[in-house]
Protein chains: 4
Amino acid sequence: MAALFRGSRNIWLRWNKHADFAFVSLRSMASKTPVGFIGLGNMGSPMATNLLKNGYPVIATDVFPESCKELQDIGAQVVDSPADVADRADRIITMLPSSPNVIEVYTGPNGILKKVKKGTLLIDSSTIDPAVSKEMAKAAEKMGAVFMDAPVSGGVGAASLAKLTFMVGGLEEEYEAAQELLTCMGANVVYCGQVGTGQAAKICNNMLLAIGMIGTAETMNLGIRLGLDPKLLTKILNMSSGRCWSSDKYNPVPGVMEGVPSSNNYQGGFGTTLMAKDLGLAQNTATNTKTPIPLGSLAHQIYRVMCSRGYANKDFSSIFQFLREEEGQ
Amino acid sequence: MAALFRGSRNIWLRWNKHADFAFVSLRSMASKTPVGFIGLGNMGSPMATNLLKNGYPVIATDVFPESCKELQDIGAQVVDSPADVADRADRIITMLPSSPNVIEVYTGPNGILKKVKKGTLLIDSSTIDPAVSKEMAKAAEKMGAVFMDAPVSGGVGAASLAKLTFMVGGLEEEYEAAQELLTCMGANVVYCGQVGTGQAAKICNNMLLAIGMIGTAETMNLGIRLGLDPKLLTKILNMSSGRCWSSDKYNPVPGVMEGVPSSNNYQGGFGTTLMAKDLGLAQNTATNTKTPIPLGSLAHQIYRVMCSRGYANKDFSSIFQFLREEEGQ
Amino acid sequence: MAALFRGSRNIWLRWNKHADFAFVSLRSMASKTPVGFIGLGNMGSPMATNLLKNGYPVIATDVFPESCKELQDIGAQVVDSPADVADRADRIITMLPSSPNVIEVYTGPNGILKKVKKGTLLIDSSTIDPAVSKEMAKAAEKMGAVFMDAPVSGGVGAASLAKLTFMVGGLEEEYEAAQELLTCMGANVVYCGQVGTGQAAKICNNMLLAIGMIGTAETMNLGIRLGLDPKLLTKILNMSSGRCWSSDKYNPVPGVMEGVPSSNNYQGGFGTTLMAKDLGLAQNTATNTKTPIPLGSLAHQIYRVMCSRGYANKDFSSIFQFLREEEGQ
Amino acid sequence: MAALFRGSRNIWLRWNKHADFAFVSLRSMASKTPVGFIGLGNMGSPMATNLLKNGYPVIATDVFPESCKELQDIGAQVVDSPADVADRADRIITMLPSSPNVIEVYTGPNGILKKVKKGTLLIDSSTIDPAVSKEMAKAAEKMGAVFMDAPVSGGVGAASLAKLTFMVGGLEEEYEAAQELLTCMGANVVYCGQVGTGQAAKICNNMLLAIGMIGTAETMNLGIRLGLDPKLLTKILNMSSGRCWSSDKYNPVPGVMEGVPSSNNYQGGFGTTLMAKDLGLAQNTATNTKTPIPLGSLAHQIYRVMCSRGYANKDFSSIFQFLREEEGQ
């Protein structure tokens with residue numbers, strides 16, 4: 001049965017290649033086979049919603065009943081456990097908070113692999129340790145299923161607008177099948193290589209992001225103390241070699257840019273705890289591969305300290321505020 | 001007499017504004033008043049040459065006779081000391097290696113201020129501690145002269161092509177006069193604020209540059225160890241929030257980009273010792289203003305260590321090589 | 001059968017070795033029950049030898065046949081696998097390089113737990129992640145066995161002289177039984193608390209050791225550059241608040257102390273790779289428990305870089321040499 | 001004239017103070033020549049008092065009249081300026097907050113050097129940049145005077161009890177003369193070498209102290225999170241290679257030791273701002289001598305951040321509290 005599904009999808013794909021537009025209307029028809037979705041949090045919920053919007057029947061589950069209820073109200077079928085999802089869908093997307101959750105959802109007593117069908121495509125969009133992705137891929141392979149890691153960049157807003165970027169690792173021959181679903185939820189889908197490289201790309205990007213953000217905050221703070229106007233300094237950096245995403249798109253200094261968390265008391269955006277989590281993953285993978293990451297490691301420690309000093313839920317650009325406060329205050 | 005010179009220069013400027021091309025030939029006539037130039041090193045020499053090319057008589061000096069000889073051969077008048085320069089020119093540019101040299105050249109026994117004329121415009125393009133710039137400005141003011149700091153970004157190549165960027169600090173009413181000369185040597189001239197802010201802007205930019213470069217090197221190294229292709233990882237970073245000048249314009253991984261030092265065995269470019277020097281300035285100004293710069297400070301230490309491990313004369317992007325070497329080699 | 005081996009080995013010893021071994025065999029008497037020993041490397045081999053010297057029959061195994069041969073020659077019974085050891089001994093000591101080896105030896109296809117007898121005491125002297133110790137303890141408990149972690153401080157010399165320090169974690173009621181064996185191999189045995197706390201104590205000590213060593217090296221280097229005599233500076237630090245084990249017992253500056261690796265070209269002692277490994281464990285446990293360790297983390301990165309710059313096999317006090325080299329050399 | 005002052009003051013003391021002062025004045029005899037003292041702050045005031053107790057007439061000054069009044073009440077002669085002190089005493093001790101104060105007091109318009117007599121011994125106990133000490137020594141030498149740097153370790157308590165440690169730099173042939181005075185105020189006087197080495201020793205010690213303290217705090221925090229009892233962990237560290245002054249004499253964890261600031265809500269002791277200042281000096285001297293100090297530099301940044309997060313006036317062992325707070329609190 002799974003083979004049949006996979007077969008039919010492949011035929012559809014084969015046709016689709018040469019006649020994209022012709023198939024748009026067919027694609028949204030009721031003939032689409034269901035997609036499983038596990039993990040209906042802040043990110044997972046709008047992602048699953050976008051699958052529904054694209055005409056895919058969704059079989060969903062989550063440990064929080066309220067999250068399930070919401071998705072059920074807009075058309076998803078809710079089941080009790082990951083195993084139940086695996087019983088009813090041969091394409092499953094998971095979006096979970098961390099490595100232990102992924103291990104549980106895949107290999108736990110009611111996990112996906114308990115009932116997974118041969119040929120099932122498993123796509124994990126959680127941000128986790130690439131070593132865990134590889135383990136899951138091996139475990140899936142033993143059951144005849146295919147596992148791909150596809151973590152995202154972009155936050156809740158991008159998830160709602162289907163503007164996420166997916167970084168995908170896994171067998172190249174399965175990439176096209178994954179892409180079909182991921183393009184319903186994201187604007188960019190990038191194939192990165194073997195299993196785990198999606199995670200690797202995500203972790204690498206976020207580590208460099210953290211370094212750039214702290215560096216920008218230090219630099220702006222120093223410049224202001226030396227008498228420079230923050231907008232002027234930003235302008236100079238952005239036309240020079242100091243330029244980075246944190247200086248030109250997400251400046252951490254209140255008042256320099258509009259529409260970024262620094263101009264909204266560091267509300268919204270990407271929370272410091274989330275950044276600390278991603279840096280923990282970078283740290284672990286670096287330690288495990290014996291790779292020196294002096295600045296990445298220090299960035300991790302700084303965000304870790306911030307988490308314990310009241311900045312846990314502020315946007316990660318609040319590092320400017322953390323460093324800035326005058327002495328004696 | 002100085003007032004007269006300054007006056008005539010301003011008239012020229014007023015005319016020049018509305019008839020750039022018409023004045024090109026006039027500009028290079030003998031009517032231009034001479035410009036002093038002190039410090040004829042790798043940077044100073046092409047800068048002075050560009051003044052000559054723009055028709056300015058140049059009165060020059062340097063501690064190395066050979067440097068003087070070269071410039072003399074193309075038309076400069078060489079004198080014995082900074083004091084002698086000050087005796088003959090009321091616009092003087094200095095381009096020196098470090099703070100002590102600047103102090104000596106301005107306030108030493110044969111220094112500029114020994115013979116400086118009232119109203120003389122002193123422009124220091126050295127990269128030094130902004131506190132020293134402020135001291136020099138005060139000392140110049142006592143003699144009735146005006147001091148501006150105008151450090152550059154861009155290397156020897158940019159100096160030769162008159163493509164430098166000048167960051168200028170000093171009295172706003174003198175900026176225009178400085179700009180006239182600086183545009184002969186650079187493509188961008190940015191007014192930053194009071195004396196010392198030119199240095200501040202330069203130091204800030206280079207600190208963030210160092211952080212971004214080390215961060216990029218760490219990230220690329222980690223990604224490669226995790227199985228990512230370096231060109232692909234670069235592409236992903238550059239379309240994401242990890243993007244920075246070191247990832248998209250000056251990538252430190254050999255083979256990712258052409259025409260950068262990493263693809264030329266880290267020859268040319270901006271040497272590690274120079275970066276270490278600028279980070280030392282950042283460190284000092286941060287310490288003096290009690291500003292925390294955790295990443296900037298660590299970047300300084302890393303480049304300092306590199307200087308003692310054989311990387312002193314390689315381009316500063318060689319941090320990738322420094323971090324990368326496999327264990328046991 | 002085990003008794004037979006034991007008897008014949010003792011005779012062999014009596015015939016082939018000098019007086020103290022002859023005495024040992026008398027002292028030990030036939031009543032002692034055999035002890036299993038898995039992992040006969042640089043540390044494990046002298047440790048197992050000390051058990052033999054104390055009259056314990058030893059049932060041993062290792063993946064390297066040569067290591068087994070050596071121990072067999074002095075009286076141990078060698079078997080094929082950890083499972084075989086578990087089949088013949090109800091007290092087993094393991095001394096392995098890292099977490100994956102421990103997992104394999106305990107839970108692998110030929111692992112201890114495949115044939116472990118109820119009530120067996122398992123003592124792991126490897127230095128590994130405390131989380132793995134806890135996992136092993138749980139797995140052992142399921143089989144009715146008792147697992148304790150007992151990592152050591154002290155190197156090969158201390159192992160040979162039975163002068164190791166053991167830090168022991170596990171059930172307090174089993175501590176006495178462990179102590180009986182550990183005192184044959186070490187001078188100090190410290191009970192630390194629940195399973196994993198032995199590892200925790202070891203990791204904590206070594207992290208602080210690394211920080212103290214790098215700190216001492218930086219300080220001595222700076223002092224020497226500022227004109228202080230290294231012996232005098234050492235004396236001052238040791239009578240003041242800068243005092244630490246690395247300054248007063250293991251000074252990293254050649255010539256300050258005798259009998260330490262720094263006075264022997266950094267040969268012997270505790271290798272940089274081993275320190276990097278222990279710091280990796282500290283980093284992992286800190287990340288997993290969300291504990292900030294800014295200096296520990298930077299110490300880790302520094303030793304990691306040293307490993308790739310040719311210092312892997314030098315004593316960890318060679319950080320002085322790494323930091324010291326003059327620029328331009 | 002100086003003899004006259006001395007005599008009359010001693011009579012005054014005998015009349016106005018209790019028995020031990022009366023005895024002191026007898027002990028001192030009329031032969032002692034007066035000692036100048038500039039800087040009557042928390043440290044300088046008890047130091048000057050100890051000179052008085054030892055029978056030395058003291059000629060003092062300070063910018064704060066109240067500080068002068070207090071010392072005057074117990075027998076010192078107060079004058080208006082450092083120049084006035086130099087006019088009346090040929091041995092002068094200075095105890096000032098930072099480098100700029102020292103420069104002002106020695107070379108300012110009313111500075112010591114304006115009226116210093118040939119052969120005067122100048123002892124500076126301030127903690128400042130060794131480069132400034134060298135400058136002062138040169139300036140003093142031009143006037144025929146001798147300058148020595150003699151910074152102290154030990155706080156206000158040690159100053160009161162004459163238990164300070166002095167680290168002395170300067171001409172060896174003048175050391176004995178300095179020692180005579182310093183032993184009145186301290187328990188240890190260590191000759192370190194040429195001018196500036198006293199400062200160097202002080203800076204080096206305090207840098208290593210800061211590293212050891214942060215390292216101890218990180219380690220204790222990590223150990224506690226891993227389930228270790230803090231007293232037990234302290235005991236283990238102190239019998240092992242992790243031992244340092246901060247673990248065995250000044251433990252930062254509340255409840256581990258009595259009589260240290262950590263057991264008194266981090267009140268008293270050595271304030272975080274003072275440590276940040278000393279680390280700033282270490283950073284500057286390291287930068288100026290191109291010496292890498294990765295951990296010292298990070299320690300500086302950490303104490304700098306603490307100063308701006310409300311820890312400025314707490315003892316520097318409060319780093320434990322700074323790192324410890326649980327997330328989300």
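Reminder, nothing fancy here: chain letters follow the sequence lines and each chain counts from 1.
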Quiz item: Roughly how far, to the nearest 0.5 Å, is CD1 of A:Ile293 from CZ of B:Arg225?
Solution: 11.5 Å
Quiz item: What parts of residues 126-135 of chain B touch chain A if we use heavy atoms and a cut-off under 4.5 Å?
Solution: none
Quiz item: Would you say B:Leu226 and A:Thr197 make side-chain contact, with heavy atoms under 4.5 Å?
Solution: no
Exercise. Kindly give the heavy-atom pair with the smallest separation between B:Ile236 and A:Cys192, and that separation in Å.
Key: CD1-SG, 3.6 Å
Quiz prompt | Euclidean distance, A:Cys244 SG relative to B:Ile211 CD1, rounded to 0.5 Å | solution = 9.0 Å
Exercise. Starting from the C-alpha separation in whole Å, work towards a yes-or-no answer on side chain to side chain contact (heavy atoms under 4.5 Å, CB included) for B:Met220 and A:Leu208.
Key: CA-CA 9 Å; B:Met220 293 300 296; A:Leu208 188 48; over 6 Å; no
Quiz item: B:Pro292 versus A:Asn221: any side-chain heavy-atom pair under 4.5 Å?
Solution: yes
Quiz prompt | Pairwise side-chain contact, B:Val190 with A:Leu232, heavy-atom cut-off 4.5 Å (strictly under) | solution = yes
Quiz item: Using non-hydrogen atoms only, which part of A:Thr165 is less than 4.5 Å away from chain B: side chain, backbone, both, or neither?
Solution: side chain
Quiz item: Hey, is CD on A:Glu172 packed in by over 12 heavy atoms from elsewhere, all under 6.0 Å?
Solution: no
Self-check item: Heavy-atom side-chain proximity of B:Pro294 to A:Glu218 below 4.5 angstrom
Solution: yes
Exercise. Decide if atom CG of A:Asn42 counts as having more than 12 heavy atoms of other residues, nucleotides or ligands within a radius under 6.0 Å.
Key: no
Quiz prompt | Student check: side-chain heavy atoms of A:Arg243 and B:Asp248 closer than 4.5 Å | solution = yes
Practice problem: For B:Ala282 and A:Leu222, work out which heavy atoms get closest and say how close. | Solution: O-CD2, 4.3 Å
Quiz item: Heavy-atom distance under 4.5 Å to chain B: side chain of A:Asp229, backbone, both or neither?
Solution: neither
Quiz item: By a 4.5 Å heavy-atom criterion (distance strictly below it), what part of A:Met213 contacts chain B: side chain, backbone, both, or neither?
Solution: neither
Quiz item: Is it the backbone or the side chain of A:Leu233 that comes under 4.5 Å from a heavy atom of chain B, or both, or neither?
Solution: side chain
